[in-house]
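Basis for what follows: all heavy atoms, side chains included, without hydrogens, waters or symmetry-related copies.
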Amino acid sequence: MTSIMLDAQQIQNAPAPVRLWLEQQILAALGPRLAPGASSPRLAACTEAQAANLLNRIRQVPFAVEVFFGLAHPEISFGEPPVVTFRLLELQRRAGLENITKLLECLDLINRAFAEMCDDPAARFCDFDAAGHCSILPATQNSIAALWKALIAAERPGALPITAAE
């Protein structure tokens with residue numbers, strides 16, 4: 001086993017991918033654990049067809065669409081069961097939102113539309129914590145990325161190549 005010791009300045013000066021990797025390693029080792037007797041939110045996997053349906057449901061809110069596709073950005077999944085975790089501030093920056101409240105409103109809209117679509121009020125598309133992270137299932141991230149690629153390939157504005165199942 002090898003150890004590496006870094007001071008705060010070295011971490012701050014490290015390239016962004018290295019800082020992200022360090023954050024993920026620390027979060028995986030020391031991240032929040034559920035209190036005894038507490039249950040985790042029911043994150044549900046979203047298929048590509050469901051992602052297309054969800055996009056149709058949130059389409060009227062452009063910032064929510066930006067946040068939705070921001071969740072396709074590659075990140076490392078970890079934990080048991082594995083989840084993909086994003087920093088809320090990074091999602092806010094990518095979506096061009098002025099504050100974190102607007103981001104949380106978008107995530108809430110996406111969660112509500114997903115629960116309604118699944119006909120299950122407990123189903124969660126994503127979850128976020130007090131430490132400033134948003135989590136989704138890897139299968140959900142893959143579905144969003146596949147939908148994005150299909151939309152780009154279609155080269156027709158507003159066309160959905162995937163049938164949105166109701």
How long is the straight-line distance from [atom2] of [Y] back to [atom1] of [X], given to the nearest 0.5 Å?
| X | Y | atom1 | atom2 | answer |
| --- | --- | --- | --- | --- |
| W148 | H73 | CH2 | NE2 | 12.5 Å |
| I110 | L55 | CD1 | CG | 10.0 Å |
| L43 | I136 | CG | CD1 | 9.0 Å |
| L147 | N142 | CG | CG | 12.5 Å |

So do [Y] and [X] actually touch side chain to side chain, heavy atoms under 4.5 Å?
| X | Y | value |
| --- | --- | --- |
| L71 | C134 | yes |
| V84 | T140 | no |
| I58 | V65 | yes |
| F125 | L107 | no |
| R112 | L109 | yes |
| L97 | V67 | yes |
| R57 | N53 | yes |
| C118 | Q50 | yes |

How far apart are the closest heavy atoms of [X] and [Y], and which atoms are they?
| X | Y | value |
| --- | --- | --- |
| M117 | L54 | SD-N, 3.8 Å |
| L103 | Q92 | CD2-N, 3.9 Å |
| A51 | C46 | N-SG, 3.4 Å |
| F114 | A45 | CZ-O, 4.1 Å |
| Q141 | F86 | NE2-CZ, 3.7 Å |
| A72 | I144 | CB-CG2, 3.6 Å |

- Item | Worked verdict on L137 versus V83 for side chain to side chain contact (heavy atoms under 4.5 Å, CB included) | CA-CA 5 Å; L137 293 176; V83 294; 4.2 Å; yes
- T85 side chain to H133 main-chain N or O, any donor-acceptor pair under 3.5 Å? no
- Message: I'd like to know whether F69 forms a side chain to side chain contact (heavy atoms under 4.5 Å, CB included) with L151, so could you lay out the CA-CA distance, the side-chain angles of the two residues, the decisive distance to 0.1 Å, and finally the verdict.
- Response: CA-CA 11 Å; F69 282 119; L151 287 170; 3.6 Å; yes
- Does the distance from a Lys or Arg side-chain N to an Asp or Glu carboxylate O, for R94 and E90, drop under 4.0 Å? yes
- Above 12 or not: heavy atoms from other molecules or residues under 6.0 Å from CG of N99? yes
